[in-house]
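Notes to accompany the following structure.
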Amino acid sequence: MAIQQVHHADTSSSKVLGQLRGKRVLITGTTGFLGKVVLEKLIRAVPDIGAIYLLIRGNKRHPDARSRFLEEIATSSVFDRLREADSEAFDAFLEERIHCVTGEVTEAGFGIGQEDYRKLATELDAVINSAASVNFREELDKALAINTLCLRNIAGLVDLNPKLAVLQVSTCYVNGMNSGQVTESVIKPAGEAVPRSPDGYYEIEELVRLLQDKIEDVQARYSGKVLEKKLVDLGIREANRYGWSDTYTFTKWLGEQLLMKALSGRTLTILRPSIIESALEEPAPGWIEGVKVADAIILAYAREKVTLFPGKRSGIIDVIPVDLVANSIILSLAEALGEPGRRRIYQCCSGGGNPISLGEFIDHLMAESKANYAAYDHLFYRQPSKPFLAVNRALFDLVISGVRLPLSLTDRVLKLLGNSRDLKMLRNLDTTQSLATIFGFYTAPDYIFRNDELMALANRMGEVDKGLFPVDARFIDWELYLRKIHLAGLNRYALKERKVYSLKTARQRKKAA
């Protein structure tokens, strides 16, 4: 079922467009996948927005934020629709209403100097913070800096301008190792206890100090590549201790607590997406940038690197198209500006309203690769010859570790995989093990994310905004999305053309030279 777009003439009754008219919004993280889609949607669907400020770090090639924006962001295929509709209007919008700020979200006052930081705060109405390190195995010091501690700089803007609305992009996976129904509320750690404030959030100052002491201890004892590995291991160990599977989700949870305390009594919305994947419809069906969580597994299967994977076929793998996430951000930002002074938490996910199991996800992938692999030439080099099996973790670990299983059981597993007794499958051991280490937690879920509050918000905003900014995952036809939209998007946008050089071509080139 396709989402209906509201005809342009109906937009006069849109609450979202009314609330965002003339507003000045700062966005962080626009060099990332989600940030670009949010920016594109604001430009295209909210033409009366006052101004959009972008905090962008300079780099060697582009020390200045404006030049980096024009070279690396404005040229993205995410804006193709806008350019095709009216390239002059699009260029004029960029010129007149996009303000680029050269700064670093992790540095005090964004590293732009006290006066400029103060001036920026007074010019803004809202901040969308989508900057994050989504590396599940990041060094703890880096993950802590960008996912937790930099939020002090976001909160600092509100100290200078108390009317500012803050929208923090978090993740449903701050849920960690809790099981069952996960509601849009403050998450309790599943591991070691953390003291809780009467306002509901958790007091993390002492925990952060403890983590920083451990980081300093490791930094004093190691250097180079060994130090990097030790900081990655420390992050995983501490995350596990408090009830998370990886450093990313642990530090994002810490960030939520920091903001809830710092912005107590102010305007704060925490928006938690699940696994963000390619666009359902906007800016173009299947639009994606890079390879996301589920795609690493798809790619490994397509290239025949993985045939066995730890996962629960009956578990709900919570995937959400990026345009529904961008719409949720815009919808909840409009609410925050219209009704300030409150803390709200929303989850943008599919598991509660339109669940798809890992088994169904794999079956759609295999069916499409069998029927149509040639249509995805950057993804499949040939038709995968083996099935893709999700097995329980214990069996996976035994097969991978080479422990001698009872012969009958080993044979049964290998027969399913189409392998002979010589364990050819273990050629791709590294890929399988690393993917399993990183993503195994996400493919064996025993929780279901709810988004009742987000659905209630969409209903309050009304039919016009439901059409302009759809957020309801119940409209997704999973077979159509996974088999046609997502695989085609991966093939077109995320993967480069395959370079195939035959001996004949090489000879021809040599002659020509």
Side-chain angles (χ1 to χ4, degrees), residues 3 5-6 8 11 16-17 20 23-59 61-62 64-102 126 128-131 167 169 273 276-292 320-331 333 378 468-470 485-486 488-497:
I3 290 171
Q5 278 294 7
V6 169
H8 192 69
T11 60
V16 173
L17 299 187
L20 293 177
K23 294 294 192 292
R24 293 157 303 178
V25 180
L26 170 71
I27 310 176
T28 70
T30 45
T31 53
F33 172 48
L34 175 61
K36 285 190 184 75
V37 178
V38 172
L39 177 59
E40 192 274 345
K41 181 77 184 216
L42 283 172
I43 296 171
R44 183 165 47 80
V46 191
D48 295 335
I49 198 162
I52 300 172
Y53 291 72
L54 305 176
L55 182 69
I56 301 170
R57 183 178 59 229
N59 58 22
R61 280 189 62 206
H62 305 290
D64 166 70
R66 185 87 197 170
S67 65
R68 188 173 175 200
F69 168 73
L70 293 172
E71 286 290 318
E72 293 180 16
I73 301 171
T75 53
S76 166
S77 59
V78 78
F79 299 113
D80 285 355
R81 182 171 170 179
L82 278 161
R83 287 192 190 283
E84 283 160 20
D86 190 338
S87 63
E88 277 183 29
F90 176 62
D91 289 338
F93 189 102
L94 298 191
E95 185 61 40
E96 294 157 23
R97 280 188 275 175
I98 298 282
H99 303 279
C100 297
V101 180
T102 308
I128 298 169
N129 180 43
S130 74
L167 188 140
V169 180
I276 307 176
E277 287 291 352
S278 66
L280 181 65
E281 288 204 343
E282 298 182 293
W287 192 83
I288 193 168
E289 189 178 62
V291 173
K292 308 298 158 209
I320 192 79
V322 66
D323 41 344
L324 271 58
V325 182
N327 291 333
S328 302
I329 288 169
I330 295 167
L331 204 64
L333 184 71
H378 301 169
L468 284 172
F469 304 97
I485 297 171
H486 183 59
L490 265 183
N491 193 67
R492 180 177 174 186
Y493 298 107
L495 302 172
K496 290 185 169 57
E497 201 168 336

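No experiment lies behind these values; they were computed from the predicted model shown.
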Would a 4.5 Å heavy-atom cut-off, applied to side chains only, mark [X] and [Y] as touching?
X      : Y      : result
Phe469 : Leu17  : yes
Val78  : Val37  : yes
Arg68  : Thr31  : yes
Val16  : Leu468 : no

Next item on the list: Look at atom CZ of Arg57 and say whether more than 12 heavy atoms of other residues, nucleotides or ligands are closer to it than 6.0 Å.
Entry: no
What are the two closest heavy atoms between [X] and [Y], and how far apart are they?
X      : Y      : value
Leu70  : Thr75  : O-CG2, 3.3 Å
Ile330 : Lys41  : CD1-CG, 3.5 Å
Ala279 : Ala284 : CB-O, 3.5 Å
Arg97  : Pro47  : NH1-O, 2.6 Å
Leu94  : Ala74  : CD1-CB, 4.0 Å
Pro283 : Arg81  : O-CD, 3.4 Å

Margin query: So if I apply the ring pair (Phe, Tyr, Trp, His ring centres under 6.0 Å) rule between Phe79 and each of Phe90, Phe69, Phe93, which one comes out positive?
Written below: Phe90
Item checked: Test log, rule side chain to side chain contact (heavy atoms under 4.5 Å, CB included), inputs Val46 and Lys23 -> CA-CA 10 Å; Val46 191; Lys23 294 294 192 292; over 6 Å; no
Margin query: If we check side chain to side chain contact (heavy atoms under 4.5 Å, CB included) with Ile43, which of these qualifies: Ile49, Val38, Ile52?
Written below: Ile52
Checklist line | Evaluation steps, side chain to side chain contact (heavy atoms under 4.5 Å, CB included), between His486 and Ile288 | finding: CA-CA 9 Å; His486 183 59; Ile288 193 168; 4.0 Å; yes
Item checked: side chain to side chain contact (heavy atoms under 4.5 Å, CB included) assessment of Leu26 paired with Leu55 -> CA-CA 7 Å; Leu26 170 71; Leu55 182 69; 4.1 Å; yes
Next item on the list: Go through the steps to decide whether Glu282 and Arg44 satisfy the test salt bridge (charged side-chain N to carboxylate O under 4.0 Å, His left out), and finish with yes or no.
Entry: CA-CA 11 Å; Glu282 298 182 293; Arg44 183 165 47 80; 2.8 Å; yes
Next item on the list: Show your working on side chain to side chain contact (heavy atoms under 4.5 Å, CB included) between Ile98 and Arg66 and close with a plain yes or no.
Entry: CA-CA 9 Å; Ile98 298 282; Arg66 185 87 197 170; 4.0 Å; yes
Note to self: Rounded to the nearest 0.5 Å, what separates atom CZ in Phe33 from atom CD in Glu289?
What the structure shows: 7.5 Å
Margin query: When you measure from the side chain of Asn129 to the backbone of Thr28, do you find a donor-acceptor pair of N or O atoms at a distance under 3.5 Å?
Written below: no
